A.B. asks: 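If you scroll down you'll find the structure; I have some questions about it.
The shown structure was predicted, so the numbers you read here are calculated from the model rather than taken from an experiment. Whatever order the structure lists them in is the order used to number ligands and atoms, beginning at 1.
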Amino acid sequence: MVLVKTVEELKKNLKALRKKGSLGFVPTMGALHSGHISLVNQAVRENRVVVVSIFVNPNQFNDANDLKHYPRNLDADLKLLEPTGCDIVFAPEAREIYPEPDTRKFNFGPLETAMEGKHRPGHFNGVAQVVSRLFEIVEPGKAYFGLKDFQQLAIINKLVKMLALPVEIVPCDIIREKNGLAMSSRNELLSVEERNNAAFIFETLTKAKNLAGTKNVNELENWVKENINKNPFLNVEYFEIVDFENLQPVKSWGDKGKKIGCIAVFCGKVRLIDNIVLN
Ligand code: AMP
């Protein structure tokens, strides 16, 4: 495994490695945990060569304070990556990714107006900028993304279609702590007490899945919000039940297609997201 920090070094290393065959890519913002590592393991199983990027993309943070406090620990990340068998870790500075300010504006239509898009203005535009830039640099055959960031995955699928990029997007299952809390780099910012209470998010989502037939959609959305807000450590920003494909609000259980409940919750100052497929 080699660590490279510039686009030039990356391209030099990839020139020889590409000859081995298929190239898998896992973009991350570092502060790695078992969720990230499961993506890397899958990429290693399915490709001859694997690149992992570690880059905290300033363009996708709509809150300067969030960017400032985002956890970073390259040494610990490298220790976790070493045993996976990935070939290259690309950890660039911002000037490598954005030699010029990226002023591109993407339009994802209804995919970006709800949920994360609504509460984090500009976030998905920044995600699209960095992902398209990274794809341009790495030129992967397959790229691996977690279902934990469900709306992000929908945006990236759309981006790939819009730009006709020659890359297959591979969705990967959500990896959870033993207590059910979805793994996240942001969990590092929680106190032990907060982390224990944050498990109540998934506990409630699991109950909601079982209640899905017994309450109507709107009642269930309200029940989830009220139930989680009863926990003094938690404060729901949104919980929406949407169509799995187009992310439009579900009106009734009779609507066709798969349905997913997506949630954002503040645990103290830390914003956590999760989701659950409801049918
Ligand atoms: P991040 O470093 O938060 O940008 O995440 C990098 C990639 O890892 C994204 O595709 C995430 O969806 C994915 N990821 C983060 N947490 C998890 C998790 N708990 N389970 C599965 N994938 C995850």
A.B. asks: Under 4.0 Å from ligand 1, counting heavy atoms only, is it the side chain of His33, its backbone, both or neither?
C.D. replies: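 For His33, only side-chain atoms sit under 4.0 Å from ligand 1.
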
A.B. asks: State the atoms of ligand 1, each with its element, that fall below the 4.0 Å cut-off from a heavy-atom position in Met183.
C.D. replies: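 Within the 4.0 Å cut-off of Met183, ligand 1 contributes 16 (N), 17 (C), 18 (C), 19 (N).
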
A.B. asks: Which one of Ser53, Ala31, Pro27 has a non-hydrogen atom at the shortest distance from atom 7 (C) of ligand 1?
C.D. replies: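 That would be Pro27.
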
A.B. asks: Could you tell me the separation between the NZ atom of Lys148 and the NE2 atom of His36, rounded to the nearest 0.5 Å?
C.D. replies: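 Between atom NZ of Lys148 and atom NE2 of His36 there are 8.0 Å.
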
A.B. asks: With atom 9 (C) of ligand 1 as the reference point, say which of Ala143, Cys172, Ser38, Gly146 has the nearest heavy atom.
C.D. replies: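 Looking at heavy atoms only, Gly146 sits closest to atom 9 (C) of ligand 1.
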
A.B. asks: So for atom CG, which belongs to Asn279, do other residues, nucleotides or ligands contribute more than 12 heavy atoms lying within a distance under 6.0 Å?
C.D. replies: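 Enclosed.
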
A.B. asks: Could you tell me whether His36 approaches ligand 1 through its side chain, its backbone, both or neither, with non-hydrogen atoms closer than 4.0 Å?
C.D. replies: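 Just the side chain.
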
A.B. asks: Is the closest N or O pair between Leu147 and ligand 1 shorter than 3.5 Å?
C.D. replies: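 No, since none of the N or O atoms of Leu147 sits under 3.5 Å from an N or O of ligand 1.
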
A.B. asks: Could you tell me if the side chain of Ile174 sits less than 4.5 Å from the side chain of Asp274, heavy atoms only?
C.D. replies: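 Yes - at least one pair of side-chain heavy atoms lies under 4.5 Å apart.
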
A.B. asks: State, with a plain yes or no, whether a side-chain heavy atom of Tyr144 is found less than 4.5 Å away from one of Val40.
C.D. replies: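 Tyr144 does not reach Val40 side chain to side chain.
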
A.B. asks: Mind checking whether Tyr70 contacts ligand 1 via backbone (N, CA, C, O), side chain (CB onward), both or neither, at a 4.0 Å heavy-atom cut-off?
C.D. replies: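 The answer is the side chain.
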
A.B. asks: On the 0 to 90° scale, with breaks at 30° and 60°, tag the Phe145-Phe135 ring pair as parallel, tilted or perpendicular.
C.D. replies: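 Correct class here is perpendicular.
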
A.B. asks: Kindly confirm or rule out an N or O of Ile174 lying under 3.5 angstrom from an N or O of ligand 1.
C.D. replies: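 In this structure, Ile174 places no N or O atom under 3.5 Å from an N or O of ligand 1.
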
A.B. asks: Under 6.0 Å from the CZ atom of Arg195, do we count more than 12 heavy atoms belonging to anything else shown?
C.D. replies: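 More than 12 heavy atoms, drawn from other residues, nucleotides or ligands, come within 6.0 Å of this atom.
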
A.B. asks: Could you tell me if the ring centre of Phe61 sits under 6.0 Å from that of Tyr70?
C.D. replies: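 Yes, the ring centres sit under 6.0 Å apart.
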
A.B. asks: Give the atoms of ligand 1, by number and element, whose distance to some non-hydrogen atom of Phe145 is under 4.0 Å.
C.D. replies: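 Listed by number with element, the hits are 10 (O).
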
A.B. asks: Do any nitrogen or oxygen atoms of Met29 come within less than 3.5 Å of a nitrogen or oxygen of ligand 1?
C.D. replies: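 Right, the criterion is met.
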
A.B. asks: Name the closest protein heavy atom to atom 20 (N) of ligand 1, giving the residue it belongs to and the distance to 0.1 Å.
C.D. replies: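 Answer, as residue, atom name and distance: Ile175 N, 2.9 Å.
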
A.B. asks: State whether the shortest distance between N or O atoms of Asp149 and N or O atoms of ligand 1 falls below 3.5 angstrom.
C.D. replies: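 Yes, since at least one N or O of Asp149 sits under 3.5 Å from an N or O of ligand 1.
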
A.B. asks: With a 6.0 Å cut-off on ring centres, are Phe90 and Phe55 close enough?
C.D. replies: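 No - the distance between ring centres of Phe90 and Phe55 does not fall below the 6.0 Å cut-off.
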
A.B. asks: With the side chain counted from C-beta on, respond yes when Phe239 and Val265 share a heavy-atom pair under 4.5 Å apart, and no when they do not.
C.D. replies: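 Phe239 vs Val265: side chains apart.
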
A.B. asks: Find all atoms of ligand 1 within a distance of less than 4.0 Å from any non-hydrogen atom belonging to Asp173, and give their numbers and elements.
C.D. replies: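 In order of numbering, the contacting atoms are 20 (N), 21 (C).
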
